[in-house]
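These notes are about the structure you will find just below.
Every number for a ligand or one of its atoms is a count from 1 in the order of the listing. Only a predicted model underlies this, so the values are computations on that prediction, with no experimental measurement involved. Counting from 1, the numbers follow the sequence of the chain as shown.
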Amino acid sequence: MEQNKSKIIYTKTDEAPFLATFSFLPIIKTFTDAAGIEVELSDISLAGRIIANFPDFLTEEQRMPDALAELGELVLKPEANVIKLPNISASVPQLKAAIKELQAAGYALPDYPDDAETEEEKAIQKRYNKIKGSAVNPVLREGNSDRRAPKPVKKYAKNNPHSMGAWSADSKSHVATMTSGDFRSNEKSVTLESATDVRIEHVAADGTVTTLKDSFPILAGEVIDGTMLSKKALLAFLDAQVADAKAQGVLFSLHMKATMMKVSDPIIFGHGVRTFFKDVFAKHAVVLEELGVDVNNGFGDLLNKIETLPADQKAAIEADIQAAYENGPDVAMVDSDKGITNLHVPSDVIIDASMPAMIRTSGCMWNKEGKTQDTKAVIPDSSYAGIYQVVIDFCKKHGAFDPTTMGTVPNVGLMAQKAEEYGSHDKTFEIQTEGTVRVVDAAGNTLIEHAVEVGDIWRMCQVKDAPIQDWVKLAVTRARASQTPAVFWLDENRAHDAELIKKVNTYLPNHDTDGLEIHIMSPMDATAFSLERIKEGKDTISVTGNVLRDYNTDLFPILELGTSAKMLSIVPLMNGGGLFETGAGGSAPKHVQQFNKENHLRWDSLGEFLALAVSLEHLGNTFNNSKALVLGEALDQATEKLLLNRKSPSRKVNELDNRGSHFYLALYWAEAVAAQTKDAELQESFGKLAQQLADNEAKIVEELNAAQGVAMDVDGYYFPNEEKVSQAMRPSSTLNSVLDTMLINA
Ligand SMILES: NC(=O)C1=CN([C@@H]2O[C@H](COP(=O)(O)OP(=O)(O)OC[C@H]3O[C@@H](n4cnc5c(N)ncnc54)[C@H](OP(=O)(O)O)[C@@H]3O)[C@@H](O)[C@H]2O)C=CC1
Ligand SMILES: O=C(O)CCC(=O)C(=O)O
Ligand SMILES: [Mg+2]
């Protein structure tokens, strides 16, 4: 992919942000074309990535270039300027559904092999596994993360607070986490002084050595960790939690990140399902085995596979499932009307968004009657679980947070180059034989070693030195720019964090920290510190590793702003380019359901507006493009006005939705360009556009709202008909012709 000096890459993704793109992109192009800036669409949708990876199964016309691979190369170059919308990180059920849809559309793709046996099946599975889970973000994130609520957004939230469920001191909701045998307890960490190669091997009790991962390079200064989660300890823990949830009368709810931690967390999820339905699995072990049931993909896998059984056999299993529900604790529901529990699909409950949603709902989740109920949030590994307990304790003591007065917690996150746990998939193993796992360097020294048993999960993580240096620098830069205290969330008692603390102490003196308040605290202490301040309306930067980056950038925004979609999310790429993510949240599947049902899209594109403005600013500054700077500044003004005038999408049908909010953004953006005096040419042409949009406001809004209230079918979920999507997302002929006229004149 060529990125010339006046090009911005805009990503085509999935679900709600995909739909929104069909309305917003024509507006963007109206503005950028006039300024000679090219905006190119790059397809990294789940369907697009599947197509790109199986050219040999497809016809010439069906094939697509591997846009993700191209972007992966682009982000290493200084000229990179990419706007990245949220995309699906597919669980296996989602991947299978997308494949099915493509097959139905005439794409002769192979099925996803559940049990790959032949070499051919293994090769296909390997290709699909590359597409599975969080496969996009780690490729693009060649920089650390700077996520925050811009001032106008925070101000808007204070003036227009979202709902917050009240908290009572006698709430029984709590976090349950392991106290031993987990990743945190077993962690060992080493900083390599000089570059070397390491390999990971398993040594069986009889001395047989099996290579788990061939030699790979480690750079000087890199921190590596090895750790394991004991299956025995996990099962004992899960058993105890199921029993305790029942005893306490609270909902049982398991919170994992099975999409991003795509090797370890589905295994843990599977143990959660098997523990909850223990009797079903004990009684029907043989038949479930024969059916190839794999609940690492959720309990839904069992339900789907027993459909093929003879009626009486199926009924017997269903009766035992019912008994499990009756005898066990109540289980948290994703959709109580449809009987879908938190255990059905691993991608339905994702910890970063699910825990804050629970905290916002008075610490409750939904039970089978569709009512809220106190909940036991089960987060097996104790590395980070404690922060949520601190928030829960704080709410029990002080009541719910008040969005009208609370301060903000922006985040500076260490994430470049697959840092830490989020880069561990290719170094995570479910142990097949008792023995030892060891990490051995080029000279034959054992750097890390653990005794393991069958079923234990062993993993190694890496974080390179250059990203750490960049992260420390970014933290200081943000602390200085915003005059806000910064806290490194690092625990001296955790092996990995202890190594990072040494690094932070080495690199901080390289920067001017005069007059800045910088702390290092354990995650739980840092949470308590930040919450005390937030309550007093004070701001505190959280400087964290990759997992806490993920957790904090949903936790605080969801409490402060109601959603993380309103965050500014910048990734200053280490080689000088810019990656501008939109918001900090996901692709909102629920929004698509509503769109299909009643043609109302409640997706808020605020994240896209903010990202585009910083992308234009970056382009302007990097390449001396004054027109880009004018557009960027004007866009920020337009976004601020949009918030002030409350033109964000409503949640209700027949009211302003995503499309209507795009119209208002276009109007305010054109007005702001027309009002500036730095560029007379832009001023003149956008003066005309502003006038036309303003003159037609009532008609356009009427046309946009009138389209709603009917079912909408765009021929597919993962791979819809783009012509239909475009028609659906651009229902105002008046708006379309005003934009077209502008484009023709540009
Ligand atoms: N950067 C990325 O690419 C990311 C991708 N994901 C992926 O997204 C999918 C869904 O993840 P999930 O955890 O459910 O998170 P989502 O953010 O999609 O959903 C959580 C809820 O947040 C609200 N929300 C999120 N974005 C917006 C928005 N722009 N406008 C209005 N409301 C919004 C919605 O609430 P309500 O329904 O009440 O309106 C939504 O249901 C998964 O496949 C996940 O892997 C997740 C995070 C980041
Ligand atoms: O990549 C993913 O799967 C999710 C990313 C995410 O949640 C985040 O970056 O906050
Ligand atoms: Mg996240």
Tell me which protein heavy atom sits closest to [atom], plus the residue, atom name and distance to 0.1 Å.
atom	result
atom 10 (O) of ligand 2	Asp550 OD1, 2.8 Å
atom 31 (C) of ligand 1	His591 CE1, 3.4 Å
atom 45 (O) of ligand 1	Ser89 CB, 3.3 Å

Best match, [options]: closest heavy atom to [atom]:
atom	options	value
atom 14 (O) of ligand 1	Gly607, Ala584, Pro589	Pro589
atom 9 (O) of ligand 2	Glu581, Met415, Arg141	Arg141
atom 9 (C) of ligand 1	Ser587, Gly133, Gly586	Ser587
atom 36 (P) of ligand 1	Gln593, Lys566, Arg602	Arg602

* Output yes when the distance from some N or O of ligand 1 to some N or O of Glu15 is under 3.5 Å, and no in every other case. => no

For residues [X] and [Y], establish whether the separation of their ring centroids is below 6.0 Å.
X	Y	answer
Phe580	His618	yes
Phe488	Trp471	yes
Tyr388	Tyr384	no

* **Check ion pair Asp265-Lys257 (N to O, under 4.0 angstrom)** => no

* Asked: Nearest protein heavy atom to atom 20 (C) of ligand 1: under 4.0 Å?
  -> no

* Asked: Does ligand 2 have an atom under 4.0 Å from some heavy atom of Lys84?
  -> no

* **Thr259 N/O under 3.5 Å from ligand 2 N/O** => no

* To do: Please determine if Ser134 has a nitrogen or oxygen closer than 3.5 Å to a nitrogen or oxygen of ligand 2.
  => yes

